[in-house]
There are 2 protein chains.
Amino acid sequence: MRIGELAERTGVSTRSLRYYEQHGLLHARRTPNGYRDYGEDDVRLVSEIRALLDIGFTLEETRPFVDCLRRGHSTGGSCAESVEVYERKLADIDREIRVLLARRAEVAAQLAQSCPGCFVRG
Amino acid sequence: MRIGELAERTGVSTRSLRYYEQHGLLHARRTPNGYRDYGEDDVRLVSEIRALLDIGFTLEETRPFVDCLRRGHSTGGSCAESVEVYERKLADIDREIRVLLARRAEVAAQLAQSCPGCFVRG
DNA sequence: GTAAACGTTGACATCGGCGTCAATGTCAAG
DNA sequence: CTTGACATTGACGCCGATGTCAACGTTTAC
């Protein structure tokens, strides 16, 4: 299928698809006229990428998952490297949450100080 | 005092000080030779800006605080507009935290699924 | 007089994922 | 032949705060 169809079926813009390819996450065959030619498997790959990006992964971090799928695994996460990324990501998220909680506390404290009448739930 | 001294006393780069001024948060008198000339009060203003930026406020959001100080209040947060920003910020942070928690859950779930042996604390 | 240290403005680079426009090629339908 | 939908590559814009460099003026100390 051509890029337009892949875009439509995955809900990803053609711009993004080319971007993914530019970064080596997607490989497209070319038809004689130079058009990109994708197979059914690519729908899966793109879906995996999107799902991960939506959860906050960077494009780079999706690479192990894509590689994993391409190696024939049923899930992008069933490879050691993917698991590592999962765990790093969990740690990242936890760190971010701690930062936000600390920040929240600080803001709440300052608010309480400068506005004694303001109640802050939490 | 000149910009170098203010930078040193506040721990803020001269680049940043000029940036704050460019965005109307700082006003500097000029000496005859064109150098910026700051007063003691400006140390306070800059400290307020930095403190807020460090807690995750945008430069724009620090404006009410600066204005508040400039109007003679002892604290940047003791004005109605500042309190509003505080509250908006708290809401923002809470929203971000919720997003991260949801994200964390999702990542943990996927990890658990693709790596049944991996334990995830939380 | 001259070097060092400081000041000035202006402009480009960063980061990430993508929108968007431009200039141009391809192909199917009328 | 022409129109329109689709494809190609390349490049700029965005967002926010700041680093950094350039090219130049000022002050201080020797």
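Both backbone and side-chain heavy atoms feed into the values below; hydrogens, waters and symmetry mates do not. In this text the structure is predicted, and so the values were computed from the model without any measurement. First the proteins, then the strands, lettered A, B, ... as listed; each starts at 1.
- Considering only side-chain N and O atoms, Tyr20(B) lies nowhere under 4.0 angstrom from the phosphate OP1 or OP2 of dA17(D).
- When the shell of 6.0 Å around CD of Glu8(A) is examined, it contains 12 or fewer heavy atoms from other residues, nucleotides or ligands.
- The side-chain heavy atoms of Asp92(B) and Arg95(B), taken from C-beta on, include a pair separated by under 4.5 Å.
- Distance alone, capped at 3.5 Å, is enough to place a donor-acceptor pair between the Thr10(A) side chain and the Leu6(A) backbone.
- Remark: Arg30(B) is in phosphate contact with dT9(C), judged by side-chain N or O atoms under 4.0 Å from OP1 or OP2.
- Checking side-chain atoms of Glu61(A) against main-chain N and O of Thr58(A) turns up a donor-acceptor pair under 3.5 Å.
- The interatomic distance linking Arg15(A) (CZ) with dG16(C) (C1') rounds to 11 Å, in whole Å.
- The pair Arg30(A)-Glu21(A) meets the salt-bridge criterion, with a side-chain N (NZ, NE, NH1 or NH2) lying under 4.0 Å from an Asp/Glu carboxylate O.
- In this structure, Leu26(B) atom CG and dA17(D) atom P are separated by 15 Å, rounded to whole Å.
- Residue contacts shown for Thr58(A) are limited to sugar-phosphate atoms, with no base heavy atom under 4.0 Å away.
- Taking side-chain N and O atoms only, Asn33(B) has no distance below 4.0 Å to OP1 or OP2 of dG25(D).
- The C1' atoms of five pairs define one axis at each end of the helix from dG1(C)-dC30(D) to dG30(C)-dC1(D), and these two axes lie 40° apart (to 10°).
- Nearest-nucleotide mapping onto DNA chain D: of Phe57(B) and Arg2(A), the residue sitting toward the 5' end is Arg2(A).
- With respect to the salt-bridge test (charged N to carboxylate O, under 4.0 angstrom), the residues Glu96(B) and Arg104(A) do not qualify.
- You'll find the side chain of Asp37(A) stays beyond 4.5 Å of the side chain of Arg2(A), heavy atoms only.
- At a threshold of 4.0 angstrom between heavy atoms, the contacts of Ser13(A) are confined to the sugar-phosphate backbone, with no base atom among them.
- Phosphate proximity of dT27(D) to Tyr35(B): absent, as no side-chain N or O sits under 4.0 Å from OP1 or OP2.
- With the nearest nucleotide of DNA chain C identified for both Thr14(A) and Glu21(B), Glu21(B) has the one nearer the 5' end.
- Atom C1' of nucleotide dT9(C) and atom CD of Gln22(B) are separated by 10 Å, given to the nearest angstrom.
- Contacts of residues 39-51 of chain B with DNA chain C (heavy atom under 4.0 Å): none.
- One atom, CZ of Arg36(A), and another, P of dT26(C), lie 15 Å apart when rounded to the nearest Å.
- Side-chain nitrogen and oxygen atoms of Ser16(B) include at least one within less than 4.0 Å of the OP1 or OP2 phosphate oxygen of dT18(D).
- The distance from atom CG of Asp54(A) to atom P of dG16(C) is 18 Å, rounded to the nearest whole Å.
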>> Set out, in order, the CA-CA distance, both residues' side-chain angles and the distance that settles salt bridge (charged side-chain N to carboxylate O under 4.0 Å, His left out) for Asp54(A) and Arg50(A), then state yes or no.
In response: CA-CA 6 Å; Asp54(A) 289 345; Arg50(A) 276 259 45 107; 2.9 Å; yes

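- OP1 or OP2 of dA17(D) sits under 4.0 Å from a side-chain N or O of Tyr19(B).
- Between the side chain of Ser13(B) and the backbone N or O of Ser16(B), at least one donor-acceptor pair lies under 3.5 Å.
- For Arg18(B) against dT9(C), no side-chain N or O and base N or O form a donor-acceptor pair under 3.5 Å.
- Nearest approach of Tyr38(B) to Arg29(B), heavy atoms of both residues: C-NH2, 3.4 Å.
- Between Glu60(A) atom CD and dC15(C) atom C1' the separation is 14 Å, expressed in whole Å.
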